[in-house]
Amino acid sequence: MLLLAGGIVAVALSVGAAITLGPADVSLVNVRDVLLNHLGLADIPVRVVKDAIVWEERLPRALTAAAAGAGLGICGAVMQSLLRNPLADPFLLGISSGASTGAVVIGVLGVGGSVLGLSGGAFIGALLAFALVMLLARLAGGGTDRVILAGVASTQLFSALTSFVIFAFADADETRGVMFWLLGSLEGVRWDDVALCAVVVGVGIALCLTYAHALDAFSFGDEIAASLGIAVSRVRLGLLVLTALITATLVSVTGAIGFVGLVLPHAARFLFGPRHAALIPATALIGAVFMVWVDAVSRVAFQPTPLPVGVGTALVGVPAFVLILVRKRRAA
Amino acid sequence: MTLEADRVVWHRGGALVVDQVTLRPAPGTTIGLLGPNGSGKSSLLRLLGGTAKPDSGVVTLDGAELRSLTRRDIARAVAVVSQHADTDVDIRVRDVVRLGRIPHRGSFGTASATRDEEAVADALRHAGLTDKADQRWDTLSGGERQRAHIARALAQEPRELLLDEPTNHLDIRHQLELLSLVSRLPVTSVIALHDLNLAATFCDEVIVLERGRAVAGGTPREVLTAELIARVYGVRARVGVDERGRLTVLFEPGPLDESAELTPEDAPRPW
């Protein structure tokens, strides 16, 4: 409980501190004043420019980063437990690629755009990618390594499809915008993006928490999970569709951000143990803090040119990925 | 009334793996499932545990058909220790044993935390793992892992315990300790076993499976005869009773002696 409260405070402080970073000079006091004004708790005079930078630009961006980090983190944690695969992650298994393809098809081609929207397209793409990965892995005979290989195939296929749609149908301006978004970017997120991500991730965390015991039961495989009273197929399908939904929502807003889902659950497990009642909230909080800082740094490190946040997470994530591989080899 | 199988049949991948087997253990007894590799021991255990559904025949728990019960209802009465249940997760022994409390929890958390902790502590003590409760899974020996699984099953507080070759990979002392623990428990246990001497020592009754069919059943002394061992396992054996009245099975290497007390129909075909 104390740790949970501490985690929430850490997220809030990170968001506050991240907002002060950047070319325009904004202090923590400014951030506090702007927040209190907009929440209707005070009426402190703040310069209009600062108010706009904080309220319209940096705050929604930091909150979206927090939601994305938390959401991708729990997706990774849940997939790793259900598939009993320490390398499972929405990005590595091609789910994010599928979601990107779905979003690009809707965005560039405009197919069914009014009905589905970018998020709907991303969701369908994510589910198709997931189904493809599971089918390929099963055809190849199952097992941890096969799932990863199937993920590689799926990632390549959907990346190619995405590139095909962009180069065949998008004009030059669209192409530049889409390519930047594909690398994972929080440029220009708005309050409705914040609301969408926060609702989906919040509901996702709550659902995963109610299934925390069921996720624990999968530690020793399906047979034991079933003997512990878990309806294995139903629970697994439901939770995997939930992770696809979270991934798709986040991809439709931020693009495909890699390695957060892979690495952060391991960090949370290392710090707080493997029980999901602790692991899920820990992963969500660590993910939120991590993403807020990576985004803040990628925003200011090469200013005025922003670095796509996916580049930052990959630069941190790949060494961690290698570390997991090496540790796994030593354990085997 | 307990966990019973009535003429169950199961095909797996097109092959008949369990053929018309009926099992009615008396409550509190220890039943040995014997038979060579591929004779259907594990498959029968999966049918009894409800993780597989029979193609015909029924498995009943207290008279109710297993498929009419929820997984959690079954898990509150029947615990399973299967083969090859391993994990990559950095989990502590206590947390492994705690998994056994999952079927007793409500959908939204714990029913009674103190009750859970008592059951976990009791299970650890029964399995002799109290000292190792805080050790990590990957630091345990094969025997300790097997005992941790038994403790996990005990924490489930089952009335029925299904064990699939629990003595595999254990040294002799741990084999004896584990089976005497199981046979002392006030639960009905069904244990798939390879070692006929262990079965004779610890089981109240044994059932012998051959290609999915139950070919013999009864007390070890009734069932484990040289004839049956020759017929089912294709091995020459001498069965005797030692000075303390225990059944012992000694095996002779080499091919079956055709001239043994086998009648021509009983003798295995010479392939």
Side-chain angles (χ1 to χ4, degrees), chain A residues 77 80-88 143-145 147 206-236 238 265-280 324-325 327-332, chain B residues 42 45-46 48-53 69-92 94-111 116 134 136-139 145 148-149 152-153 155-156 158 160-164:
Chain A
Q80 285 163 16
S81 298
L82 287 178
L83 302 176
R84 301 184 71 210
N85 189 331
L87 300 179
T144 305
D145 307 345
V147 175
L207 280 173
C208 289
L209 273 177
T210 62
Y211 281 95
H213 295 312
L215 285 165
D216 289 339
F218 278 92
S219 314
F220 287 92
D222 294 0
E223 193 86 13
I224 295 293
S227 82
L228 290 169
I230 308 300
V232 169
S233 330
R234 189 173 58 76
V235 169
R236 177 161 43 206
H266 288 284
R269 243 179 244 119
F270 181 73
L271 292 172
F272 299 102
R275 297 175 77 190
H276 288 82
L279 180 63
I280 299 285
I324 296 165
L325 275 179
R327 267 194 67 192
K328 194 167 170 265
R329 177 168 159 259
R330 225 178 275 150
Chain B
S42 300
L45 285 176
R46 292 189 63 193
L48 287 170
T51 47
K53 310 241 180 308
L69 302 172
T70 66
R71 281 247 48 103
R72 190 195 291 183
D73 287 338
I74 299 169
R76 285 178 174 174
V78 184
V80 178
V81 176
S82 59
Q83 287 190 74
H84 320 298
D86 205 353
T87 188
D88 282 339
V89 180
D90 261 352
I91 190 170
R92 283 172 202 288
R94 187 187 305 281
D95 289 328
V96 173
V97 178
R98 240 182 224 137
L99 293 177
R101 299 308 296 168
I102 289 173
H104 297 280
R105 287 189 171 146
S107 316
F108 290 96
T110 52
D116 283 351
D134 291 313
R136 287 206 337 248
W137 180 258
D138 59 359
T139 66
R145 289 180 188 195
H149 275 303
R152 190 255 308 150
Q156 229 169 313
E160 321 279 337
L161 192 54
L162 307 175
L163 303 111
D164 197 355

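Note on naming: letters A, B, ... go to the chains in the order of the sequence lines (proteins, then strands), and numbering restarts at 1 for each one. Remember, it's a predicted structure, so these values are computed and weren't measured experimentally.
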Check each atom of B/R98 against the heavy atoms of chain A and say whether the ones under 4.5 Å are side chain, backbone, both or neither. side chain
For the candidates B/A153, B/A85, B/G100, which exhibits the highest count of non-hydrogen atom pairs separated by less than 4.5 Å from chain A? B/A85
With a 4.5 Å cut-off on side-chain heavy atoms, are A/R84 and B/T87 touching? yes
Of all residues at least two apart in sequence or in a different chain, which pass the salt bridge (Lys or Arg N to Asp or Glu O under 4.0 Å) check with B/R136? B/D90, B/D138
Using a 4.5 Å heavy-atom cutoff, which residues in residues 218-228 of chain A come close to chain B? A/S219, A/F220, A/E223, A/I224, A/A226, A/S227, A/L228
Measure distances from B/A79 to the heavy atoms of chain A and classify the residue's part below 4.5 Å as side chain, backbone, both or neither. neither
Heavy-atom contact with chain B under 4.5 Å, split by part of A/L209: neither
With a 4.5 angstrom heavy-atom cut-off, is it the side chain or the backbone of B/R92 that approaches chain A, or both, or neither? neither
Work out which heavy atom in A/D216 is nearest to a heavy atom in B/I102; give both atom names and the distance. CB-CD1, 4.4 Å
Under 4.5 Å to a heavy atom of chain A? For B/I91 that would be both
Of all of B/D73, B/D95, B/I74, which one pairs up most often with chain A through heavy atoms under 4.5 Å apart? B/D95
Under 4.5 Å from a heavy atom of chain A, the part of B/V78 involved: backbone
